[in-house]
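For reference, the structure is listed below as structure tokens.
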Amino acid sequence: MDKPNTGAVYVCDSDELKEAGVGVRFELRTSPTSTPLPAFAVRSQGQVVAYLNQCRHVAMELDWQAGYFFDHERRYLMCATHGALYEPQTGLCVSGPCRGQSLIPVPVIEKEHKIWWLSDLPL
Ligand code: FES
């Protein structure tokens, strides 16, 4: 498996992310001694997007069950704690207590059927 660049960290295979389906949770470790940050990737409108798994209302993880980020209509990413809804493509909160704020995006690319976190790019 060829890394797309030196900072790339493997997340998952492309076929693990179905359109508006179950997401893949992963951890960001910015140095060997740093506390890992929870993150997740989902596929929306054909594109893979990834964010820190941290609601902008209270620093809680969003998924109501591991990997379940989409609401029932599979239109928005939903925080399980107080129901904030985020646009999957932009991470913008469009409903709920943190309306107008955005999830923190994690730079990822999809290449040769694999998803990679680009750890050398800033969050
Ligand atoms: S913790 Fe996410 S909406 Fe309150």
Side-chain angles (χ1 to χ4, degrees):
M1 163 183 352
D2 290 332
K3 291 169 89 169
N5 70 29
T6 53
V9 177
Y10 172 76
V11 174
C12 65
D13 287 352
S14 290
D15 61 7
E16 292 179 59
L17 293 179
K18 309 288 186 226
E19 179 66 28
V22 177
V24 168
R25 294 164 52 105
F26 61 104
E27 290 187 331
L28 309 185
R29 220 177 248 284
T30 53
S31 78
T33 56
S34 66
T35 303
L37 299 172
F40 68 97
V42 293
R43 188 179 300 279
S44 173
Q45 298 179 19
Q47 300 295 311
V48 173
V49 292
Y51 299 101
L52 289 188
N53 191 2
Q54 188 176 84
C55 186
R56 296 317 301 259
H57 176 220
V58 178
M60 307 274 295
E61 294 189 358
L62 277 78
D63 39 346
W64 53 275
Q65 192 176 333
Y68 286 76
F69 293 95
F70 280 96
D71 65 351
H72 291 300
E73 287 81 36
R74 304 198 320 173
R75 183 169 175 201
Y76 294 106
L77 303 173
M78 187 174 75
C79 176
T81 304
H82 304 116
L85 297 176
Y86 296 92
E87 290 180 343
Q89 291 287 307
T90 64
L92 177 68
C93 179
V94 294
S95 175
C98 43
R99 185 183 183 113
Q101 298 185 58
S102 295
L103 296 173
I104 297 171
V106 173
V108 290
I109 62 165
E110 182 167 27
K111 189 170 184 193
E112 296 175 2
H113 310 291
K114 301 196 182 313
I115 314 299
W116 303 84
W117 164 43
L118 300 175
S119 70
D120 46 2
L121 296 181
L123 292 179

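All ligand and atom numbering here is 1-based and tracks the order in the structure.
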Checking Leu28 against Leu123 for the side chain to side chain contact (heavy atoms under 4.5 Å, CB included) test, could you report, in this order, the C-alpha distance in whole Å, the side-chain angles of both residues, the deciding distance, and whether it holds? CA-CA 10 Å; Leu28 309 185; Leu123 292 179; 3.9 Å; yes
Starting from atom 4 (Fe) of ligand 1, look over the N/O/S atoms of His82 and name the nearest one. ND1
Look at the aromatic rings of Trp116 and Tyr10 and report parallel, tilted or perpendicular, splitting at 30° and 60°. perpendicular
Does Cys79 bring an N, O or S atom to under 2.8 Å of atom 2 (Fe) of ligand 1? yes
Distance from Glu16 atom CD to Lys114 atom NZ, nearest 0.5 Å? 9.0 Å
Within a distance under 4.0 Å of any heavy atom of Ala84, pick out the atoms of ligand 1 and give their elements. 3 (S)
Parallel, tilted or perpendicular: rings of Trp117 and Phe26 (30°, 60°): tilted
Is there side-chain contact between Leu37 and Val106, with heavy atoms separated by less than 4.5 Å? no
What part of Thr81, side chain from CB on, backbone N/CA/C/O, both or neither, has a heavy atom under 4.0 Å from ligand 1? side chain
Would a distance-only check, ignoring hydrogens and angles, find a side-chain to backbone donor-acceptor pair under 3.5 Å from Arg99 to Val94? yes
Need the ligand 1 atom indices (1-based, order shown) with element for anything under 4.0 Å from a heavy-atom of Val58. 1 (S)
In terms of atom number and element, which parts of ligand 1 are under 4.0 angstrom from non-hydrogen atoms of Pro97? 3 (S)
Going by the 4.0 angstrom heavy-atom rule, the piece of His57 near ligand 1 is side chain
